[in-house]
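Written out below as structure tokens is the structure these notes cover.
When a residue number appears, it is its place in the shown sequence, counting from 1. Each ligand, and each atom within it, is numbered from 1 in the order the structure gives. From a predicted model like this one, the values you see are computed outputs, not experimental measurements.
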Amino acid sequence: MKAALRAQVIETPSWGYGNSGTRFKVFAEPGVPRDPFEKLDDAAQVHAATGAAPVVSLHIPWDAVGDYEALARHAKERGLRLGAVNANVFQDDAYRLGSVAHPDPKVRRQAVDHLLACVDIMDATGSRDLKLWFADGTNYPGQDDITGRQDRLAEALAEVYARLGDQQRILLEYKLFEPSFYTTDLPDWGTSYAHCLALGERAQVVVDTGHHAPGTNIEFIVAFLLRQGKLGGFDFNSRFYADDDLMAGAADPFQLFRILHEVAKNGGFAAETGVAFLLDQCHNIEGKIPAVIRSVMNVQEATAKALLVDLDALRAAQSAGDVLGANAVLMDAYNTDVRPLLAEVREEQGLDPDPLAAYRASGHQERIVAERVGGTQAGWGA
Ligand code: RM4
Ligand code: MN
């Protein structure tokens, strides 16, 4: 169990270190990075405190730089590597009616060219995953042809898939609604799964925990996709209402445990299955670096509880039809305080048992507030 916890890799999002907010207000935080290099400096603090976050996902063009090899080197010098490249085809004026499913072939070309450019970036950074989320959809009945949009989406995905290197993957994300409110072209895991099946082995579904209707049983989706070998990874975050992008494990730690129990039971923590554990969240009012540390800890705690489930006892109770017994096995694990165990694992790795205290003591926060003066703080768009 300790070995599995030591081996766990949680990928943190570059955009979690920048300013973010709601459509009402973005509150700037002193010391926020001004460029992707500084975002990596902050991510390195999360890894230094937790020992579990050596990979950072990029968002293009928010993290566009002139020299991606230099960015990868900057990461390496800090004990990090660059992870998933998130393509962004939702912020250009051309995308009013969509990107890869847009009715105008010129706009589709622009969008696909951006996705292909993201694969070029992956070649330079050594990234494995191209993570695709599309804002595509419609707002009004009759606005566009639902089937036609599926055809255009499939065609675009096929072109990008053909460009991937042998070791590269497409992680295809789905989301029920927003910013489109009538139809979304990839609204659910089934649609994403069907497109991935048509593309081939290196196209896999990514489950963003904030992208479902309230009450959706996400662990069922996870179990199904793992069984099919089609779970590419997670975008972890918490939600109370819609796509709230709050800290992973904050709103519903029991759900995170149930999801990770399915991962544990179906071998999804083994590196060779390729399941990526990413955070996709924003910190609008709380300190950004400590919030990412807290999120990593939350995922670790849910993982430890999931690994604690006595699978033999669970299976015995299940096959005996012992409903309450089986449920009790699961709840016993969930109700165990795993914090002392994780503190022990950290100490054995030469880390502070308390990552948040370690960060506070590092002086990094005071340093960035003092040093990062002037320039433009990073946010959604930089
Ligand atoms: C989307 C989706 C993507 C993320 C952007 C910022 O809702 O979750 O994964 O890159 O937001
Ligand atoms: Mn996401």
Side-chain angles (χ1 to χ4, degrees), residues 10-23 26 36 39 43 55-64 82-92 95 98-100 111 114-115 118 121-122 127-137 157 169-181 184-189 191-192 196 203-213 216 218 221-222 225 231-239 241-249 251 256 259 275-284 288 291-292 295 299 378-382:
I10 298 161
E11 188 165 331
T12 74
S14 69
W15 54 100
Y17 302 102
N19 284 329
S20 61
T22 64
R23 59 204 161 112
V26 174
K39 291 180 191 174
V55 191
V56 183
S57 0
L58 302 179
H59 212 295
I60 304 296
W62 301 342
D63 295 318
L82 300 177
V85 169
N86 290 255
N88 178 325
V89 281
F90 51 89
Q91 285 187 311
D92 196 287
Y95 300 137
S99 63
V100 291
H114 174 71
L115 305 186
C118 285
I121 292 171
M122 291 162 65
S127 297
R128 178 188 57 175
D129 296 332
L130 175 66
K131 185 138 69 66
L132 301 179
W133 172 74
F134 298 107
D136 285 59
L157 288 173
R169 313 187 295 177
I170 281 181
L171 297 186
L172 191 57
E173 203 167 334
Y174 58 89
K175 178 175 169 177
L176 178 62
F177 84 108
E178 196 200 23
S180 297
F181 295 113
T184 293
D185 294 324
L186 281 164
D188 53 29
W189 69 269
T191 312
S192 177
C196 287
Q204 301 212 305
V205 181
V206 61
V207 174
D208 184 314
T209 48
H211 286 189
H212 308 83
T216 299
I218 300 176
I221 300 169
V222 169
L225 291 174
L231 180 68
F234 291 97
D235 265 1
F236 285 129
N237 52 63
S238 298
R239 55 82 63 84
Y241 299 101
D243 187 18
D244 304 347
D245 279 342
L246 300 173
M247 294 190 296
L256 185 57
I259 290 170
V275 177
F277 299 88
L278 302 100
L279 303 178
D280 176 13
Q281 48 187 42
C282 296
H283 309 293
N284 302 347
K288 296 173 202 309
V292 182
S295 309
V299 175
W380 283 30

When rounded to the nearest 0.5 angstrom, what is the spacing between CG in Asn237 and CG in Leu278?
11.0 Å

Partners of Leu246 by side-chain contact (heavy atoms from CB on, under 4.5 Å), sequence neighbours excluded?
Ser238, Phe240, Asp244

Of all heavy-atom pairs between Asp208 and Glu173, which one has the smallest distance, and what is that distance?
OD2-OE2, 3.1 Å

Would you call the rings of Phe277 and Phe236 parallel, tilted or perpendicular, where under 30° means parallel and over 60° means perpendicular?
parallel

Taking C-beta and beyond as the side chain, do Asp235 and His211 meet within less than 4.5 Å on heavy atoms?
no

Minimal non-hydrogen separation, Leu279 against Val292, with atom names:
CD1-CG1, 4.1 Å

Going by chain and residue number, what protein N/O/S atoms come nearer than 2.8 Å to the Mn ion (ligand 2)?
Glu173 OE2, Asp208 OD2, Asp235 OD2, Asp280 OD2

Do His283 and Tyr17 have their ring centres less than 6.0 Å from each other?
no

In short, Leu172 meets Phe134 closest at the heavy-atom pair CD1-CE1, 4.1 Å

Considering residues at least two apart in sequence or located in another chain, which fulfil the side-chain contact (heavy atoms from CB on, under 4.5 Å) criterion with Asp92?
Ala94, Tyr95, Gln110

Exercise answer, ligand 1 polar atom pairs (N/O) under 3.5 angstrom:
| from | atom 1 | to | atom 2 | distance (Å) |
| --- | --- | --- | --- | --- |
| ligand 1 | 8 (O) | Glu173 | OE2 | 2.8 |
| ligand 1 | 8 (O) | Asp208 | OD2 | 3.1 |
| ligand 1 | 8 (O) | His211 | NE2 | 3.2 |
| ligand 1 | 8 (O) | Asp280 | OD2 | 2.8 |
| ligand 1 | 9 (O) | Glu173 | OE1 | 2.8 |
| ligand 1 | 9 (O) | Glu173 | OE2 | 2.9 |
| ligand 1 | 9 (O) | Asp235 | OD2 | 3.1 |
| ligand 1 | 9 (O) | Asp280 | OD2 | 3.0 |
| ligand 1 | 10 (O) | His59 | NE2 | 3.0 |

